[in-house]
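The next block holds one structure in the form of structure tokens; read it before the comments.
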There are 2 protein chains.
Amino acid sequence: MDERRDAQEAAIDAADRLFYARGIQAVTMDELRSETGISLKKLYSLFDSKEAILLAVLDRRHDLWTSGIARAADAVSTPADKLLSIYDFLHDWFTDGNYRGCGFINAFGELGATVPAVALAAREQKESFQRYVADLAEQAGAPASLAPQLAILAEGAQTTAAISGSADAARSAREAAEILIDAALRR
Amino acid sequence: MDERRDAQEAAIDAADRLFYARGIQAVTMDELRSETGISLKKLYSLFDSKEAILLAVLDRRHDLWTSGIARAADAVSTPADKLLSIYDFLHDWFTDGNYRGCGFINAFGELGATVPAVALAAREQKESFQRYVADLAEQAGAPASLAPQLAILAEGAQTTAAISGSADAARSAREAAEILIDAALRR
DNA sequence: TAACCTAGAGAACATGCGTTCTCTGCGCAG
DNA sequence: CTGCGCAGAGAACGCATGTTCTCTAGGTTA
């Protein structure tokens, strides 16, 4: 009987879409009900609270991000190319039409100060990404200073693309990353 | 009789502090009243709505940002050093204890999708910064590709510092900027 | 077939919030 | 000194929202 899981997944899916598109507090539980076709009673039997739904959404977003950059990395072979593939992944994301920034940064700005679990989820997501970049940079033989620089480029591209509405930031970040990687390996 | 202006400034000041520290929707008008000592009636005679207060807050934040980076730039002489001074300014900001990310990005994430004026204010702020960087990069004799890269580093440093709670991102961004500027001028 | 039980729908509740309304008290003119 | 007008404080309003409660319908067992 994992129709409970199915219902949870459907709710998380709809919540993710609504929260991301409009902001978390702008989405009411009633809207989530009409969007999913799941009654409020059922929603509250699947999750403890709206906050619990949000945390599940962030969890899933973390998984999607992780598998997305891993898939992009699988398409190339060297560690340096895997690092650069991050910005190609970002470019694809930016151009998908519904892009509105990093969901973790948005959630952090809106609720990070009042809901500690949200701040924690954002921190964990960013730390995990930093580790991913650091691992690849080490494999490429670069000094430890490179990884934070590349991660900052990825973060900056995300917010720049969100506010400008253009995907150009991904290209600029990739160019910058190429130069930084070159410089780090050249020495 | 510019005690009206004074009262407005005081309200904007308190609203900025509260909105920035906790998020906009987390701050009630009643809290703004008790924090400023200005009655609700008076607040609503000074501003049309809570949204109007927020827009005034963003306006002031834009002015403070602009004058802040200008002051940092005044301390050095070459265009390249002025570009690098941006990251020193960021480092000072990150270490001031109450740093919680870029106010425009936070406002954009929370309300950008539902309040068009907020999205507009964020876009204008970022465009203005991009122009500032582009002007300095041109004065330095760098190709047009440099400015977006440096702006992305600044944006990324802001979000990284916000979520990690550390000011290290400013140092990493400055190191990266030095390399990118060098590479852009060398060729 | 009948009694019981479970699960679900959505009405209801309590609270909180942006905004408005009313009443008080002070200053000033006559 | 008295009556008038105005600014301001904060109580009140109406609405929206997260959460809970009740009532119904369908299925299962004896």
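It should be emphasised that the depicted structure is a prediction, and the values quoted were computed from it without experimental measurement. A note on names: the letters A, B, ... follow the listed sequences, proteins ahead of strands, and every chain is numbered from 1. All values below were derived from every heavy atom in this structure, side-chain atoms included, with hydrogens, water molecules and symmetry-related copies excluded.
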For the side chain of B:Ser45 and the backbone of B:Lys42, is there at least one donor-acceptor N/O pair under 3.5 Å apart?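 A pair under 3.5 Å: yes.
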Any chance you could list the contact pattern along nucleotides 9-21 of chain D? Use B for base contacts, S for sugar-phosphate-only contacts and - for none, protein heavy atoms under 4.0 Å, 5' to 3'. BBB-----SSBBB
Looking only at the aromatic ring of each residue, does the gap between the centers of A:Phe104 and A:Trp65 stay below 6.0 angstrom?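 Not close enough - the centres of the two rings lie 6.0 Å or further apart.
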Rounded (10°) bend between the five-pair end axes of the helix from C:dT1-D:dA30 to C:dG30-D:dC1: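 Axis-to-axis angle, ends of the helix: 20°.
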Ion pair check, A:Glu110 and B:Arg22, cut-off under 4.0 Å: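 No, A:Glu110 and B:Arg22 are not salt-bridged.
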ring-ring contact (aromatic ring centres under 6.0 Å, His included) partners for B:Tyr87, two or more places apart: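 For B:Tyr87 there are no ring-ring contact (aromatic ring centres under 6.0 Å, His included) partners, ignoring immediate neighbours.
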When you measure from the centre of the six-membered ring of A:Phe94, is the NZ or CZ of A:Arg171 closer than 6.0 Å and no more than 45° off the axis?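 A:Arg171 over A:Phe94 ring: no.
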So is A:Arg61 actually on top of A:Tyr20's ring, under 6.0 Å and inside 45° of the axis?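 Satisfied, under 6.0 Å and within 45°.
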Could you pull out the closest heavy-atom pair between A:Ala170 and A:Leu90, with the gap in Å?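 For A:Ala170 versus A:Leu90, the nearest heavy atoms are CB-C, 4.4 Å.
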